[in-house]
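Worksheet: the structure to be examined is printed underneath.
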Amino acid sequence: MLKMTPLNQTHRNMNAKMVDFGGWDMPLHYGSQLDEHHKVRSDAGMFDVSHMLPIDIKGNKVRDFLRQLVANNVDKLTLPGKALYSCMLTPQAGIIDDLIIYYLSETWFRIVVNAGTADKDTAWILAKRDEIAPELEITPRRDLAMIAVQGPNARAKVWQVIPGAQAATEDLKLFQSTVLDQYFIARTGYTGEDGFEIILPAEDAPSFWTTLHAAGVAPAGLGARDTLRLEAGMNLYGQDMDETTSPLVSGLAWTVDLKSERDFIGKQALLDNPVTQQLVGLVLQDRGVLRSHQKVIAQKDNKEYEGEITSGGFSPTINKSIALARLPSQISVGDEVDVLVRDKKLRAKVVKYPFVRNGNVLI
Amino acid sequence: MSIPTHLKYTKSHEWVRLEDDGTVTIGVTDHAQELLGDMVFVELPQVGRKLKQKEECAVAESVKAAADVYSPLAGEVIAVNSDLESAPEKINQDAHSAWLFKLKPANLSDLDSLLDAASYEELLEKEEH
């Protein structure tokens, strides 16, 4: 039996093509994935991301607990409402999950984790709580829904439909959030566009969705979500990283704090193991489509190197195929590599990602 | 979804139209394009290539996946629809007018091994369950 979000019937009413996404019955698209992609880049689209799980952590010294639990440093969170992207690591420095931590107060932090890893994450966090800070209260919030409204006009559309939202959120900077009545509104997202991720009570989600739709926000499915995040150069858990890869070989060194004295789970393994791989961007020069797991071969200084595409696809904004690939550290931006696609070798160029941000092509 | 009765079909979701001059025109079915979603890339066979029945000869890729296209009949490729290389979305707009390639069949009797519209519809119903 597939799990359903509070918007399941709403998606069906809008003729969504539904798919099994890690045990969740989710909309893939509502007619055309490409149209939905372009709508988010040029105007405003909305995604049901209620399959993701908010977990509230409350009590004294939540910050101390998070200092040990995650690889980024929660001491960067000084202003209430501020958000931090981080990985949660195994002692071997494999990535258990990537997540966003919202700092609401010294006694209340909220983290949002991926759907496919939610049960594993919850079990891990509870076990660590029991070891490190048994007095903390940890609550998975399946009573909440989450809707991401993304695109250059996304904020203005949200302001139209939530009374008081403009005054409450127009001064929010990227990665800041606030609470307004029953809404938790964060200026975050997974598309490379401006917008909000809004957490609200499950029972309010269908009417909120319908009101946004009436205001001109296009429903967008997981298909467009994937092409948008790939263009934005954002990792997908389970594809670009997992428990066998560390953040340092997953393009996420910027989210790891190794400078402070603070100890955290996985830190020693990160310090002990030399980094021999990197995550890079690829743009296909030949015709075709790059896909995950295709093999990459690079010649450099009379040596042959091998790597693999972790996420690949067609970029609707650039009109070319792009990919993220894990390659040996010797390969650098500007190099050309071969990708094995079926029985052919296709030529691709190594580029710095993101590929697209705020509607602009960056490569 | 549309399954015109004047066409023949394969289990691998190609459609075949017999022309007056004895050649055949081949495309992917409306069902296939619906399943694949927005098409973004098409690779077509070389004109002059001789194909066996059920030989892999073209690729249709959507935002979601790559699908191999198999030749429904043995024969020689006499034309390809190169418009699709720059406009693969034509397959989504009308799968039956967006043909992929034309064959001069080696044996017209290959046609007898293909499905008619009713049998193809039945196949799709089975795949649904």
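The sequence lines fix the lettering, A, B, ..., with proteins before strands; numbering per chain opens at 1.
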Side chain, backbone, both or neither: which part of A:R291 has an atom under 4.5 Å from a heavy atom of chain B?
side chain
Take a 6.0 Å sphere around NZ of A:K157 and say whether it holds more than 12 heavy atoms from other residues, nucleotides or ligands.
yes
Take atom CZ of A:F21 as the centre, draw a 6.0 Å sphere, and report whether it contains more than 12 heavy atoms from other residues, nucleotides or ligands.
no
Interface moiety of B:A65 toward chain A, non-hydrogen atoms closer than 4.5 Å:
backbone
Would you say CG of B:D20 has more than 12 non-hydrogen atoms from neighbouring residues, nucleotides or ligands within 6.0 angstrom?
no
Using a 6.0 Å cut-off, check whether atom CD of A:E304 has over 12 heavy atoms from anything other than its own residue.
yes
Please report the closest heavy-atom contact between B:D38 and A:Q33, naming both atoms and the distance.
OD2-N, 2.8 Å
In Å and rounded to the nearest 0.5 Å, what is the CG to NZ distance from A:L28 to B:K64?
5.5 Å
Heavy atoms under 4.5 Å from chain B: which residues of residues 352-363 of chain A carry them?
none
Just so I understand: if I count every heavy-atom pair under 4.5 Å between each of A:G223, A:G313, A:G288, A:S321 and chain B, which residue has the most?
A:G288
What part of B:V59 gets closer than 4.5 Å to chain A, counting heavy atoms only: side chain, backbone, both or neither?
side chain
Reported NZ-to-CD distance for the pair A:K344 and B:E43, which is rounded to 0.5 angstrom
3.0 Å
CD-CG distance between B:E61 and A:L290, expressed to the nearest 0.5 angstrom:
9.5 Å
Less than 4.5 Å apart, any side-chain heavy atom of A:R342 and any of B:D68?
yes
Against chain A, label B:E85 side chain, backbone, both or neither, depending on which of its atoms sit under 4.5 Å from a heavy atom there.
both
